[in-house]
K.L.:
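I'd like to ask some things about the structure below.
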Amino acid sequence: YKQFSKFARMAKSGCNFSLSKIEEDSNYIKIIHLENDINHAYSDFAPYYHDEKLHFSTLRYDTVLTYDYGEKGFYPVQIYTSEKNEESWSEPTELDELNNSDAHTANFTTNPEGDVAYFSKCFNSHHNNIYCQIYESTKNEDGTWGKNHKLHHHINAHSYSSTQPTYGRLIKKKKGKSDTLDVLYF
């Protein structure tokens with residue numbers, strides 16, 4: 001009981017801190033609800049903005065989806081992209097080169113140059129469990145994405161699901177020299 005009370009007090013303290021920061025910083029932050037072309041009836045998540053393009057994961061269907069016990073239907077989440085046009089966004093298009101009709105494809109990110117993409121593919125097992133693996137793709141000269149490659153088994157271990165990649169470049173400055181370290185977080 002004491003441990004749960006302590007966790008509850010810590011959570012309440014964190015919420016109060018966040019609320020005070022929202023009030024303090026409200027002049028610096030502006031949240032805008034994007035148009036219906038982006039925000040859809042079903043889940044839109046994992047946004048990634050780079051080079052005037054918004055990449056996001058979504059379950060894009062115009063009809064109500066129902067699932068009955070024992071039904072074999074599969075409705076995959078896929079990655080879409082939209083470009084910023086002055087004040088609005090273009091109609092989202094599916095990134096066909098990365099998506100897979102028998103897997104959930106989500107959580108798109110790139111290296112800082114934008115020429116290597118990392119993303120998750122999640123598959124249903126025969127026991128109706130979902131397992132995820134991280135893939136990469138290199139951008140072709142024509143701007144399309146190349147073949148998908150599953151990352152090494154040190155990242156995609158059999159003992160756990162690997163998902164939600166994000167890319168970081170750490171810069172260490174020492175005695176006038178800079179060293180960089182590229183890191184894939186997941």
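For reference, positions follow the sequence shown, starting with 1.
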K.L.:
When rounded to the nearest 0.5 angstrom, what distance separates CG in Asn107 from OH in Tyr135?
P.N.:
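Answer for the CG-OH pair, Asn107 versus Tyr135, is 14.0 Å.
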K.L.:
Without swapping roles, check the side chain of His55 against the backbone of Tyr48 for a donor-acceptor pair under 3.5 Å.
P.N.:
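It does not hold such a pair.
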K.L.:
Which pair of non-hydrogen atoms, one from Asn156 and one from Lys150, has the smallest distance, and what is that distance?
P.N.:
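Distance-wise, the nearest heavy atoms are ND2-CG, 3.3 Å.
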K.L.:
Compare every heavy atom of Pro47 with every heavy atom of Phe56, then report the nearest pair and how far apart it is.
P.N.:
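Smallest interatomic distance, heavy atoms only, reads CB-CA, 4.2 Å.
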K.L.:
Should we say atom OH of Tyr160 is surrounded by more than 12 heavy atoms from elsewhere, each under 6.0 Å from it?
P.N.:
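Yes, because the 6.0 Å sphere around OH of Tyr160 holds more than 12 heavy atoms from other groups.
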K.L.:
With a 3.5 Å distance limit and no angle check, can you tell me whether Asp142 reaches the backbone of Thr144 through a side-chain donor-acceptor pair?
P.N.:
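Checking the backbone N and O of Thr144 against the side chain of Asp142, a donor-acceptor pair under 3.5 Å is found.
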K.L.:
Verify side chain to side chain contact (heavy atoms under 4.5 Å, CB included) between Lys172 and Leu181, making sure each step is shown before the conclusion.
P.N.:
CA-CA 8 Å; Lys172 180 179 163 185; Leu181 176 64; over 6 Å; no
K.L.:
Verify, without hydrogens or angle tests, whether Glu136 (side chain) and Thr110 (backbone) share a donor-acceptor contact under 3.5 angstrom.
P.N.:
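It does not hold such a pair.
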K.L.:
Report, as yes or no, whether the 6.0 Å neighbourhood of atom CD on Glu91 holds more than 12 heavy atoms from other residues, nucleotides or ligands.
P.N.:
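Yes - once you tally the heavy atoms of other residues, nucleotides and ligands closer than 6.0 Å, there are more than 12.
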K.L.:
Would you say the side chain of Tyr80 lies within less than 4.5 Å of the side chain of Asp44, judging by non-hydrogen atoms?
P.N.:
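In short, these two side chains do not touch, never coming nearer than 4.5 Å.
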K.L.:
Please test Trp89 against Lys84 for side chain to side chain contact (heavy atoms under 4.5 Å, CB included), starting from the C-alpha separation and ending with a verdict.
P.N.:
CA-CA 5 Å; Trp89 293 92; Lys84 182 79 169 164; 3.7 Å; yes
K.L.:
If you group Ile, Leu, Val, Met, Phe, Trp and Tyr by side-chain heavy-atom gaps below 4.5 Å, do Leu98 and Tyr118 land in one group?
P.N.:
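The answer is no; the residues belong to distinct hydrophobic clusters.
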K.L.:
Could you tell me whether the side chains of Thr105 and Asn100 share a donor-acceptor contact shorter than 3.5 Å?
P.N.:
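No, Asn100 and Thr105 have no side-chain donor paired with an acceptor closer than 3.5 Å.
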K.L.:
How about Tyr131 and Phe123: are their ring centres within less than 6.0 Å of each other?
P.N.:
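Yes: the rings meet the under 6.0 Å criterion.
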K.L.:
Closest heavy-atom contact between Ser120 and Ser162?
P.N.:
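Distance-wise, the nearest heavy atoms are OG-O, 4.5 Å.
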K.L.:
When the side chains of residues 7-14 are checked against the rest of the protein, which donor-acceptor pairs come out under 3.5 Å, sequence neighbours left out?
P.N.:
none

K.L.:
Between Ser90 and Ser82, which heavy-atom pair has the shortest distance, and what is it?
P.N.:
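For Ser90 versus Ser82, the nearest heavy atoms are O-OG, 2.6 Å.
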K.L.:
Holding to side chain to side chain contact (heavy atoms under 4.5 Å, CB included), I want the full list of residues that pass it with Pro112, two or more places apart in sequence or in another chain.
P.N.:
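So Pro112 forms a side chain to side chain contact (heavy atoms under 4.5 Å, CB included) with Tyr167, Arg169.
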K.L.:
The test is side chain to side chain contact (heavy atoms under 4.5 Å, CB included); show your working for Phe108 and Thr81 and say whether it passes.
P.N.:
CA-CA 10 Å; Phe108 179 93; Thr81 188; over 6 Å; no
